[in-house]
Structure formats: structure tokens, C-alpha cells
Amino acid sequence: MSLIQIQSLNKWYGDFHVLKNISENVQKGEVLVICGPSGSGKSTFIRCINRLEDFQQGTILIEGKDIKAPDVNINKLRSEIGIVFQQFNLYPHLTVLKNVTLAPIKVRNITRDEAEATALTLLERVGIHDQALKYPVELSGGQQQRVAIARALAMKPKIMLFDEPTSALDPEMINEVLSVMKDLARDGMTMLCVTHEMGFAREVADRVVFMDGGEVIEQGPPDVFFTNPKHQRTQAFLKEIL
Ligand code: ADP
Ligand code: MG
């Protein structure tokens, strides 16, 4: 059974059909890169997976369980499906350490000592354990984004969603974030990454998914996707960004 099963997902904003009949299965440990023009529905799509967005038609199953079933605990679901946004979204009034320990203490009911030990290990893993007592404003964008990744990982998620995590960064900071994401991918994390970092896609994606106008137009392993795109819209998009 696939870890994520998405069946005929359709979503509208009012009259606007934003997601059109998307069906995807994602295996445990698989890394998907989702690309496509601005406004094609990439963010809306991945946000449906942890119910940051509602949808009107179709089903999403995680480990076979319908995320819209009445007995689903939405906080638990969101703790199992971490998300990292373009704009970091750290709590500005909390230290790095507190940003990472807040949710585990509140939602996962673990002690402060345990949460801090885990947080320091994770901060070490993303290369910023020496920044634990600083506030977000004192960090660079790349460091803040690495805190955001550590914060999501602190919930021990089964799935990580990334929504253009490097788009707001200065160029010299992009690689430090991509390198953390690559480590995570090699460690076996199941990841759906909206990104236009095609080097990253070539290196770690199992599949590249191209969206346009709310539809999945084409998808395939990176070597096929980049060298032999079939659809004219994919070819045009790749020509723009490569
Ligand atoms: P992408 O991430 O690919 O740039 P989005 O998923 O953000 O695309 O948006 C897809 C389309 O849905 C865009 O046309 C956008 O303007 C529209 N949209 C996004 N959020 C809303 C909303 N809350 N209400 C109405 N339209 C929205
Ligand atoms: Mg987006």
C-alpha cells in the first residue's frame, strides 16, 4: 500500500477550478519534486495533504486512512505531515530552541528535557546548534529556514512537505538549505517538494511532477523528465527555467 494515495482530487475557490482531478500515489521514502508555472496550483495541492486547505471532491489516504474521516484528529495529522514554507514562519518572540520544542511539548506531551535534547540533536543535524538561544531575527534567512525544518522534524513526521523553501533566500544561502533537504531525502524521508531547483530534482527526486492550470500534465523520473519531456507545455516550462 502506498503511504499517500490521492484519488481524483478536485478543488474550487468559488467558481475557479484550482485542482483538476489529481491522482497520485506516493510510496514510503519516495521524493517528489513538483514544479510548474506560478498559479498552477502547486501550493494548494500540497496544502490539501495536511488539510491546510479543504477540498470538495476526491480522497486523500495516508497509510490507508482517509484524512477527511470524521474521527481524524487534525492536530495529530499535521504533526505527522510537516510543512516548510517559503517565508519560514518562525515564532519571532521565541528563541530557536523554543521554536523547535513548543509543539512537541504541547502536542506530543513529552517533557521539556526530552524535547530540548531532541531539539539540540535536530539543530545539530541542520548545522545550527550553536544558534539555539538566539531569536529568529538574529539569524540569516538560510539559518531561519533550517530552524523551520528542524521544527517540523521535531514532531517526528512521516511525511515532509516543502513549499518553495529556497525561493525567499539570497543565492548564497540556497545550498545550505538544499543540502539539509538532500540529507533528509537520503535518510529515507517521504518528501513532496515544490521547488524550481532542478539540480536538486536531478540529484534526489524519484519523480518530477509538472503541473499547469491545476492539472498534472506530465511526470517521470528526472533523467526521463529532463531529457525527454513529452508535453509541449513541459518543454516550454523547462526552456524558461533551465
Ligand atoms: P502555485 O503555488 O502553483 O503558484 P497556488 O496553489 O498558490 O499556485 O494558486 C493556484 C491558483 O489559485 C492561483 O490562480 C491563485 O491565484 C488561486 N488561489 C490561491 N489561493 C486562493 C484563495 N485563497 N482564494 C482564491 N484563489 C486562490
Ligand atoms: Mg505556491
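As the structure lists them, so they are numbered: ligands from 1, and atoms in each ligand from 1. As the structure is a prediction and not an experimental result, all values here were calculated from the model.
At least one N, O or S atom of Ser43 sits under 2.8 Å from the Mg ion (ligand 2).
A donor atom on one side chain and an acceptor atom on the other are found under 3.5 Å apart for Thr59 and Gln7. For Ser2 and Gln27, the side-chain atoms include at least one donor-acceptor pair closer than 3.5 Å.
Formation of a donor-acceptor pair under 3.5 Å by the Asp163 side chain with backbone atoms of Phe85 is not found in this model.
A ring-centre distance under 6.0 Å is found for His196 and Phe237.
Residues Leu97 and Glu116 meet the side-chain proximity criterion, which asks for heavy atoms closer than 4.5 Å.
Remark: Ser23 OG to Ile60 CD1 distance equals 10.5 Å, nearest 0.5 Å.
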Identify all N/O pairs between ligand 1 and the protein with a separation under 3.5 Å and present them as a table of atom names and distances.
| from | atom 1 | to | atom 2 | distance (Å) |
| --- | --- | --- | --- | --- |
| ligand 1 | 2 (O) | Ser43 | N | 2.9 |
| ligand 1 | 2 (O) | Ser43 | OG | 2.8 |
| ligand 1 | 3 (O) | Ser40 | N | 3.2 |
| ligand 1 | 3 (O) | Ser40 | OG | 3.4 |
| ligand 1 | 3 (O) | Gly41 | N | 3.0 |
| ligand 1 | 3 (O) | Lys42 | N | 2.9 |
| ligand 1 | 3 (O) | Lys42 | NZ | 2.8 |
| ligand 1 | 4 (O) | Gly39 | N | 2.7 |
| ligand 1 | 6 (O) | Thr44 | N | 2.9 |
| ligand 1 | 6 (O) | Thr44 | OG1 | 2.5 |
| ligand 1 | 8 (O) | Gly41 | N | 3.2 |
| ligand 1 | 20 (N) | Tyr13 | OH | 3.3 |

